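Note that the structure is predicted; figures quoted are calculated from it, not measured.
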Amino acid sequence: QVQLVESGGGLVQPGGSLRLSCAASGSILSIYAMNWYRQGPGKQRELVTTITNRGYINYADSVKGRFAISRDNAKKTVYLQMNSLQPEDTAVYYCNMGSQFWGKGTLVTVSS
């Protein structure tokens, strides 16, 4: 049974940074593309960034230059470094494995 557990969310002021982690269990992380999605208040869930099993990376235009995804296959963990956070980044952030498996999400609130 695959389980994904996100952590690292919280309250941060505009301009601040957070690092999210997604720990996977029950599967071999290295064979899957990993994704971070987010869902803001009153908004639909959107894809933020993807890292393929070969390390190719894509970002949504809204986060390019501010967010960085990385993966440590040995630790079965994917990270999302978020810098220069803005109020519009407020959302529940979800980890997704291979477009099949989902974590429960971690809340990021950007507010002064």
Side-chain angles (χ1 to χ4, degrees):
Q1 182 73 17
V2 174
Q3 285 192 322
L4 302 174
V5 179
E6 302 96 335
S7 61
L11 174 63
V12 63
Q13 292 187 342
S17 298
L18 282 175
R19 188 194 196 203
L20 305 184
S21 299
C22 171
S25 61
S27 182
I28 302 173
L29 185 74
S30 61
I31 67 174
Y32 289 98
M34 297 297 297
N35 309 291
W36 284 98
Y37 285 78
R38 69 183 181 186
Q39 187 165 14
K43 299 180 181 180
Q44 294 202 348
R45 191 173 297 190
E46 63 173 348
L47 178 62
V48 176
T49 180
T50 297
I51 183 167
T52 70
N53 60 339
R54 295 189 176 188
Y56 296 112
I57 294 173
N58 285 304
Y59 296 101
D61 288 343
S62 58
V63 306
K64 279 182 182 176
R66 301 188 298 124
F67 289 13
I69 189 172
S70 60
R71 63 192 296 163
D72 186 331
N73 291 332
K75 293 183 177 180
K76 293 187 176 182
T77 302
V78 178
Y79 304 96
L80 182 63
Q81 178 66 44
M82 305 187 295
N83 300 323
S84 302
L85 284 162
Q86 300 302 317
E88 52 266 33
D89 295 316
T90 295
V92 178
Y93 284 73
Y94 298 91
C95 180
N96 169 269
M97 173 186 281
S99 299
Q100 299 179 57
F101 306 105
W102 293 88
K104 293 184 178 181
T106 185
L107 176 62
V108 172
T109 303
V110 185
S111 176
S112 56

Can you tell whether the side chains of Glu6 and Lys104 come within less than 4.0 Å, N to carboxylate O?
no

Give a yes or no answer on whether the side chain of Arg71 reaches the backbone of Ala33 with a donor-acceptor pair at less than 3.5 Å.
no

Heavy atoms of Arg66 and Gln86 approach each other most closely as NH1-N, 4.1 Å

Apply side-chain contact (heavy atoms from CB on, under 4.5 Å) to Tyr59 and Ile69, showing your working.
CA-CA 9 Å; Tyr59 296 101; Ile69 189 172; 3.7 Å; yes

Just say parallel, tilted or perpendicular for the rings of Phe67 and Tyr93, cut-offs at 30° and 60°.
tilted

Minimum-distance pair of heavy atoms, taken over all atoms of Pro14 and Ser112
CD-N, 3.7 Å

Same apolar cluster: Tyr37 and Met34, side chain cutoff 4.5 Å
no

Hey, is the main chain of Ala68 close enough, under 3.5 Å, to the side chain of Tyr79 for a donor-acceptor pair?
no

Single-linkage hydrophobic cluster Val92~Met82, side-chain heavy atoms < 4.5 angstrom:
no

Parallel, tilted or perpendicular for Phe101 and Tyr32, by the 30°/60° rule?
perpendicular

If you group Ile, Leu, Val, Met, Phe, Trp and Tyr by side-chain heavy-atom gaps below 4.5 Å, do Ile51 and Tyr94 land in one group?
no

Is any side-chain heavy atom of Ser17 closer than 4.5 Å to one of Gln81?
yes

Quick one, Val108 and Asp89 - any side-chain contact, counting heavy atoms below 4.5 Å?
no

Is there side-chain contact between Arg38 and Ser62, with at least one heavy-atom pair below 4.5 Å?
yes

For a 4.5 angstrom cut-off between non-hydrogen side-chain atoms, does Cys95 reach Trp36?
yes

Keeping the roles fixed (side chain from Thr49, backbone from Asn58), state whether a donor-acceptor pair exists under 3.5 Å.
yes

So does Ala23 get a backbone contact from the side chain of Thr77, meaning a donor-acceptor N/O pair under 3.5 Å?
no

4.5 Å side-chain heavy-atom contact, Asn96 and Arg45
no

